[in-house]
Enquirer: 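Okay, here's the structure, questions in a sec.
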Amino acid sequence: MVDVNKIVQYRMVDGDLTTHNPSPYYSLQYVDVNNYKTYIDDIREVSNLIIKQIPDWGDAPTVETVIKRFESKSYTYLFYYKDRCIGWNWGNPNFTYNWIDIDQELEDDETYLGGCFVSLNKDDRPNNSGYSMCYLFFKEESNRGIKSMYGVTDDWNRRASILYYRLGWKTYNFIK
């Protein structure tokens, strides 16, 4: 279980997402246990980007880890810029800090979101890509009928906190 003293918890309810007009060069692809084999090359690409660009991340998600996530009801939205996969976001119908083990069940119209990564290489994407990726991700979840979205950031991660607030999230302690 996560140490709640070292994280900030958030919630966004339906209708709170701010307005944004992302570039038409961006797109998302929903991937879960039912279709991940079709996107295994893109999953491998993102995993390799993480390993290459964040070498200090000792337990960076490998393809094997990602498959375990899918088997635990987690899903991802692969993020594309000009048809090249450059990132992902994760979701699960329950709160799961590692995307595999369920820490807390949520209601049917709620979901836990996070695990955002977009390539750190500025040659791969424009400066606002992380913001656009998260906006599109949250918009898709809202379109799927999700009424409450929950997320966490590490307490030191000021950049992620600012992004959450800019997109309409509010601080909210949901972990029991």
Side-chain angles (χ1 to χ4, degrees), residues 1-4 6-12 26-81 84-120 124-125 129-130 132-154 157 160 163-164 167 169 174-176:
M1 185 65 164
V2 61
D3 183 348
V4 294
K6 295 184 178 182
I7 62 167
V8 181
Q9 302 175 54
Y10 303 91
R11 178 175 76 166
M12 182 166 47
Y26 294 123
S27 63
L28 296 178
Q29 177 60 55
Y30 178 86
V31 182
D32 66 8
V33 70
N34 298 308
N35 67 348
Y36 77 86
K37 291 178 183 175
T38 303
Y39 299 97
I40 203 73
D41 289 339
D42 291 339
I43 292 166
R44 185 174 288 109
E45 174 67 19
V46 176
S47 176
N48 289 339
L49 285 171
I50 292 170
I51 291 166
K52 180 180 177 184
Q53 294 176 6
I54 312 174
D56 295 340
W57 188 352
D59 60 348
T62 62
V63 171
E64 293 77 21
T65 305
V66 168
I67 292 169
K68 288 179 185 176
R69 289 178 176 190
F70 290 138
E71 291 169 347
S72 299
K73 295 186 180 179
S74 289
Y75 55 91
T76 190
Y77 284 87
L78 296 174
F79 181 58
Y80 297 84
Y81 177 68
R84 179 168 179 236
C85 190
I86 61 166
W88 63 28
N89 281 291
W90 285 89
N92 190 293
N94 296 297
F95 171 58
T96 165
Y97 194 68
N98 67 5
W99 305 107
I100 296 171
D101 303 307
I102 304 304
D103 296 301
Q104 179 178 313
E105 291 188 8
L106 300 175
E107 298 296 323
D108 289 342
D109 60 351
E110 299 176 325
T111 196
Y112 173 69
L113 306 175
C116 303
F117 172 81
V118 64
S119 175
L120 303 174
D124 290 345
R125 51 138 182 112
S129 293
S132 293
M133 174 179 66
C134 289
Y135 170 81
L136 290 168
F137 176 46
F138 302 145
K139 181 86 170 152
E140 281 299 312
E141 288 295 278
S142 182
N143 290 343
R144 286 182 7 152
I146 301 300
K147 300 297 181 200
S148 291
M149 301 174 215
Y150 300 100
V152 301
T153 62
D154 292 311
N157 195 343
L163 181 119
Y164 268 49
L167 287 165
W169 291 72
F174 68 93
I175 299 172
K176 298 175 184 164

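Note that the coordinates shown come from a computational prediction; the quantities given were computed from them, not determined experimentally. Computation of the quantities below employed the complete heavy-atom set of this structure, encompassing side-chain atoms and omitting hydrogens, waters and symmetry-equivalent molecules.
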Enquirer: Does any pair with a residue in residues 85-94 pass side chain to side chain donor-acceptor pair (under 3.5 Å), and if so which ones, sequence neighbours excluded?
Expert: Ser74-Asn92

Enquirer: Compare every heavy atom of Ile50 with every heavy atom of Pro61, then report the nearest pair and how far apart it is.
Expert: CG-CD1, 4.1 Å

Enquirer: Any carboxylate oxygen within less than 4.0 angstrom of a Lys/Arg side-chain nitrogen, looking at Glu71 and Lys68?
Expert: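 No.
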
Enquirer: Check each of Ile100, Asn34, Ile43 against Phe70 using the side chain to side chain contact (heavy atoms under 4.5 Å, CB included) test, and report the only one that passes.
Expert: Ile43

Enquirer: If you measure from SG on Cys85 to CG on Leu28, what distance do you get to the nearest 0.5 Å?
Expert: 10.0 Å

Enquirer: For Thr111, is there any backbone N or O sitting under 3.5 Å from a side-chain donor or acceptor partner on Glu141?
Expert: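 No; zero donor-acceptor contacts below 3.5 Å.
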
Enquirer: Check Asp124 against Ser119 and note the closest heavy-atom contact, atom names and distance.
Expert: OD2-OG, 2.6 Å

Enquirer: Can you check whether Thr38's main-chain N or O pairs, donor with acceptor, with Asn35's side chain at less than 3.5 Å?
Expert: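 No, the answer is negative, given that no donor and acceptor are paired below the 3.5 Å cut-off.
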
Enquirer: Do any N or O atoms from the side chain of Asp109 and from the backbone of Lys147 form a donor-acceptor pair under 3.5 angstrom?
Expert: no

Enquirer: Please assess Arg44 against Asp41 for the test side-chain contact (heavy atoms from CB on, under 4.5 Å), listing each intermediate value before the final yes or no.
Expert: CA-CA 5 Å; Arg44 185 174 288 109; Asp41 289 339; 3.5 Å; yes

Enquirer: Distance alone, cut at 3.5 Å: any donor-acceptor contact between the side chains of Tyr150 and Glu110?
Expert: yes

Enquirer: Surrounding CG of Asp108 (heavy atoms of other residues, nucleotides or ligands, distance under 6.0 Å), is the total greater than 12?
Expert: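 Counting neighbours around CG of Asp108, 12 or fewer heavy atoms of other residues, nucleotides or ligands fall under 6.0 Å, so no.
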
Enquirer: Strictly by modelled atom types, are Tyr10 and Thr153 linked by a side-chain donor-acceptor pair under 3.5 Å?
Expert: yes

Enquirer: From Leu78 CG over to Tyr30 OH, what is the distance, rounded to the nearest 0.5 angstrom?
Expert: 11.5 Å

Enquirer: With rounding to the nearest 0.5 angstrom, report the CG to CD distance, Leu49 to Gln53.
Expert: 5.0 Å

Enquirer: What are the two closest heavy atoms between Phe174 and Gln104, and how far apart are they?
Expert: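 Distance-wise, the nearest heavy atoms are O-NE2, 3.0 Å.
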
Enquirer: Would you mind reporting whether Met12 and Tyr164 have side-chain heavy atoms less than 4.5 Å apart?
Expert: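 SC-SC contact between Tyr164 and Met12 ruled out.
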
Enquirer: So how far is it from Glu140 CD to Tyr135 OH, rounded to the nearest 0.5 Å?
Expert: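 Reported to 0.5 Å precision, the distance equals 10.0 Å.
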
Enquirer: Test side-chain contact (heavy atoms from CB on, under 4.5 Å) on Ser47 and Val66; report intermediate values, then the result.
Expert: CA-CA 9 Å; Ser47 176; Val66 168; 5.7 Å; no

Enquirer: Please determine which of Tyr26, Phe117, Phe137 meets the ring pair (Phe, Tyr, Trp, His ring centres under 6.0 Å) test together with Tyr77.
Expert: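 With Tyr77 as partner, ring pair (Phe, Tyr, Trp, His ring centres under 6.0 Å) holds for just one option, Phe137.
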
Enquirer: Give me the atom names and distance for the closest heavy-atom approach of Tyr75 to Asp32.
Expert: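 Looking at all heavy atoms of both residues, the closest pair is CB-CB, 3.9 Å.
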
Enquirer: Any idea which heavy atoms bring Ser129 and Val118 closest together, and the distance?
Expert: CB-CG2, 4.2 Å

Enquirer: How many angstroms lie between atom OG1 of Thr96 and atom OH of Tyr112, to the nearest 0.5 angstrom?
Expert: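 Result: 7.5 Å between the selected atoms.
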
Enquirer: Show the nearest heavy-atom pair for residues Val152 and Gln9, with the distance to one decimal.
Expert: CG1-CG, 4.1 Å

Enquirer: Classify the side-chain pair Thr62/Thr65 by whether it contains a donor and acceptor separated by less than 3.5 Å.
Expert: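 A donor-acceptor contact under 3.5 Å links the two side chains.
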
Enquirer: Once you round to the nearest 0.5 Å, how far does CE of Met133 lie from CZ of Arg125?
Expert: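 Interatomic distance, Met133 CE to Arg125 CZ, rounded to 0.5 Å: 9.0 Å.
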
Enquirer: Apply side-chain contact (heavy atoms from CB on, under 4.5 Å) to the pair Val2 and Ile175, showing each step before the final yes or no.
Expert: CA-CA 9 Å; Val2 61; Ile175 299 172; 4.0 Å; yes

